[in-house]
Amino acid sequence: MMNFVEELRWRGMLHDIMPETEDYLLKNKTTGYIGFDPTADSLHIGSLVPIIILMHFQKAGHHPIALVGGATGMVGDPSGKSDERNLLDEETLAKNISGVKAQLTRFLNFDNDIENAAQLVNNYDWMKEISLIEFVRDVGKHITVNYMMAKDSVKKRLSSESQTGMSFTEFTYQLFQGYDFYHLYKEKNCMLQMGGSDQWGNITTGTELIRRKAQGKAYALTCKLITKADGSKFGKTAGGNVWLDAKRTSPYKFYQYWLNSSDEDAEKYIKIFTFLDKETIEKLITEHKEAPHLRILQKKIGEEVTIMTHGEEAYKNAIKASSILFGKSTAEDLKTLDEQTFLDVFDGVPQAEVKRSVIENGLEIVPAFAENGFLKSNGEVRRALKENSISVNKEKVKDDFIITTKDLIADKFVLLQRGKKSYFLLKII
RNA sequence: GGUGAGAUACUCAAGUGGCCAACGAGGGCAGACUGUAAAUCUGCUGCGCAAGCUUCGGAGGUUCGAAUCCUCCUCUCACCA
């Protein structure tokens with residue numbers, strides 16, 4: 001049997017582990033869970049780490065449970081937050097939960113035919129049954145406020161660093177999460193809770209509750225939070241979060257995110273986000289160091305993670321799109337594309353519709369960029385022109401350029417571009 | 001409830017009657033260089049081709065002239081109760 005803990009360790013994912021956990025996991029096939037917050041109707045790549053942990057867990061023969069926090073999502077976890085959270089209304093929450101559920105099924109094997117099929121639970125299902133009196137008597141009684149206050153997540157908010165203080169609601173959060181663990185321990189014989197290192201406090205409230213209320217022993221394990229070498233937040237781009245949902249973040253952009261990782265980060269990511277074995281990874285790292293400009297690591301990570309998330313087909317399209325957008329393709333190359341290929345490549349690129357007659361009459365460059373919502377104002381277009389950053393169909397143009405029918409791609413599109421990475425499509429109707 | 005401080009562009013933050021479309025920093029965008037990188041250098045960062053126009057929490061007022069002075073309002077923070 002594969003050593004799950006060792007696997008996480010050499011991949012540099014392990015942060016904190018309760019004593020005896022490794023031993024227990026080696027000797028027993030057990031059940032473990034990770035909670036996912038339904039703060040949006042899609043997970044983003046930050047959630048990929050816990051997902052991958054569950055995948056490793058399942059691979060090692062254990063039984064993974066993914067918990068969707070329908071109830072805890074209503075309370076709001078104060079960990080890592082310096083401000084009070086906004087609460088989600090029930091309708092949004094329901095939508096988010098179903099979105100998150102759908103995504104998790106892509107990564108974990110929920111097939112009941114196998115022995116250690118993954119399970120999906122929603123803590124709202126049991127939390128909704130509990131009355132306040134019940135909760136206060138049966139759960140609250142076992143945990144002292146002193147214990148709760150000692151948690152970092154709470155201390156931080158009570159200290160003078162925090163401007164807003166902390167509501168009772170958020171203070172209670174750890175009891176909710178702790179109760180989840182207790183519930184799964186009782187109902188599903190779940191012995192282990194995992195999560196990001198910021199969850200340590202919440203997780204140990206769970207093991208504490210299990211110890212006091214059920215005289216049981218449960219285990220905990222956390223993984224390192226993903227950081228980036230330049231200090232910026234992982235999983236964010238200027239355009240927002242990088243989502244797992246293809247509708248929110250196109251596979252092309254998803255792939256690009258990994259491709260643009262720094263060398264330093266790529267060495268970490270390849271261990272964390274791919275399932276390649278140690279030898280393969282070490283070989284790749286060596287190769288990469290010999291020829292860093294080839295970006296072997298980034299490409300491999302992009303390939304593995306994009307295929308895992310969006311499938312083979314989407315990955316191939318992302319590659320094709322990348323080579324057209326960033327290769328030495330010219331206006332001529334672009335014009336050889338048929339409509340379908342063109343649309344695949346530029347899937348997700350913002351676009352606007354323009355009447356054919358406008359192009360036939362000749363469209364000046366300034367209004368072409370400003371009036372369709374690509375750039376904010378005429379002034380901005382003029383500025384950009386001065387910077388020599390405006391291209392039409394991948395060719396730099398000056399302010400006297402006029403778009404005509406000869407610039408149409410597939411007789412239907414004009415590709416506008418600001419700088420190297422920012423595209424916009426005019427679609428002729 | 002009382003007292004005090006404050007609200008300036010994406011963020012922080014100067015500006016206390018004309019020299020203010022508003023110092024500076026960060027962020028963002030672009031150009032050069034490069035590996036679609038990092039670092040570095042340069043330019044831009046309210047609208048307008050321009051004349052000019054609209055901005056400094058909101059509404060009024062004083063003034064030839066207001067981000068700056070006055071009145072009221074809204075909100076935030078701190079201390080006290």
Side-chain angles (χ1 to χ4, degrees), chain A residues 82-84 157-166 227-234 236-242 249-270 284-285 287-303 305-306 315 317-330 333-334 345-346 348-350 364-371 373-392 394-402 415-424:
Chain A
S82 51
D83 289 317
E84 183 84 10
R157 289 286 290 276
L158 293 178
S159 78
S160 50
E161 270 175 62
S162 170
Q163 300 274 305
T164 48
M166 182 184 210
T227 52
K228 282 180 34 174
D230 64 4
S232 59
K233 202 164 184 288
F234 173 76
K236 293 261 192 201
T237 63
N241 279 328
V242 179
T249 302
S250 70
Y252 159 71
K253 287 209 186 98
F254 185 84
Y255 174 76
Q256 283 288 324
Y257 183 82
W258 299 103
L259 190 67
N260 282 321
S261 308
S262 71
D263 294 351
E264 200 178 323
D265 289 333
E267 272 185 47
K268 284 189 300 178
Y269 294 173
I270 190 123
L284 285 168
I285 290 178
E287 279 176 37
H288 181 266
K289 283 191 171 144
E290 278 164 17
H293 62 281
L294 294 179
R295 285 186 292 164
I296 292 165
L297 286 177
Q298 285 90 336
K299 284 178 183 161
K300 194 67 187 168
I301 298 166
E303 176 186 340
V305 184
T306 308
Y315 163 70
N317 283 334
I319 291 286
K320 195 163 67 183
S322 300
S323 73
I324 290 179
L325 260 44
F326 294 104
K328 322 172 264 307
S329 65
T330 60
D333 292 339
L334 280 173
V345 169
F346 292 102
V349 169
E364 285 182 50
I365 198 74
V366 172
F369 275 75
E371 281 171 19
F374 183 20
L375 299 185
K376 281 205 292 288
S377 66
N378 292 354
E380 189 173 345
V381 180
R382 281 179 227 275
R383 249 181 266 126
L385 282 164
K386 232 179 277 170
E387 288 164 344
N388 196 27
S389 63
I390 293 290
S391 307
V392 172
K394 300 225 42 143
E395 283 178 1
K396 290 274 160 71
V397 297
K398 294 269 179 286
D399 58 356
D400 55 357
F401 188 84
I402 290 172
L415 180 67
L416 306 183
Q417 191 178 353
R418 159 94 189 270
K420 291 187 181 106
K421 294 181 189 173
S422 163
Y423 291 91
F424 194 87

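Every chain is numbered from 1 and lettered A, B, ... according to where its sequence line falls, protein lines coming before strand lines.
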Grab the N/O contacts between the protein and nucleotides 49-51 of chain B below 3.5 Å, and write none if there aren't any.
| residue | atom | partner | partner atom | Å |
| --- | --- | --- | --- | --- |
| B:rC49 | OP1 | A:Arg382 | NH2 | 2.4 |
| B:rC49 | OP2 | A:Arg382 | NE | 3.4 |

Between the protein and nucleotides 44-46 of chain B, are there any N/O to N/O pairs under 3.5 Å, and if so, what are the atom names and distances?
none

Distances under 3.5 Å between nitrogen or oxygen atoms of protein and nucleotides 38-40 of chain B:
none

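When the C1' atom is compared between B:rU3 and B:rC53, the two are found 43 Å apart, to the nearest whole Å.
The partner of B:rA51, taking Watson-Crick or G-U wobble pairs whose two distances both stay under 3.5 Å, does not exist in any strand shown. For B:rU16, there is no paired nucleotide, since no Watson-Crick or G-U wobble pair has both relevant distances below 3.5 Å.
Protein atom NZ of A:Lys420 is 9 Å distant from nucleotide atom C1' of B:rA30, rounded to whole Å.
For A:Glu371, the side-chain contact (heavy atoms from CB on, under 4.5 Å) criterion is met by A:Pro367, not counting sequence neighbours. Annotation: side-chain hydrogen bond (donor to acceptor under 3.5 Å, both in side chains) contacts of A:Lys268 (sequence neighbours excluded): A:Thr227. Partners of A:Glu267 under the side-chain contact (heavy atoms from CB on, under 4.5 Å) rule, at least two apart in sequence or in another chain, are A:Ile285, A:Lys289, A:Leu297.
When each of A:Arg418 and A:Arg295 is assigned the nucleotide of RNA chain B bearing its nearest heavy atom, the one mapping closer to the 5' terminus is A:Arg418.
Across every non-hydrogen atom of A:Ala321 and A:Tyr252, the tightest pair is CB-CD1, 3.7 Å.
Among the protein residues, A:Ser261 comes within range of no part of the nucleic acid, since none of its heavy atoms lies under 4.0 Å from any strand.
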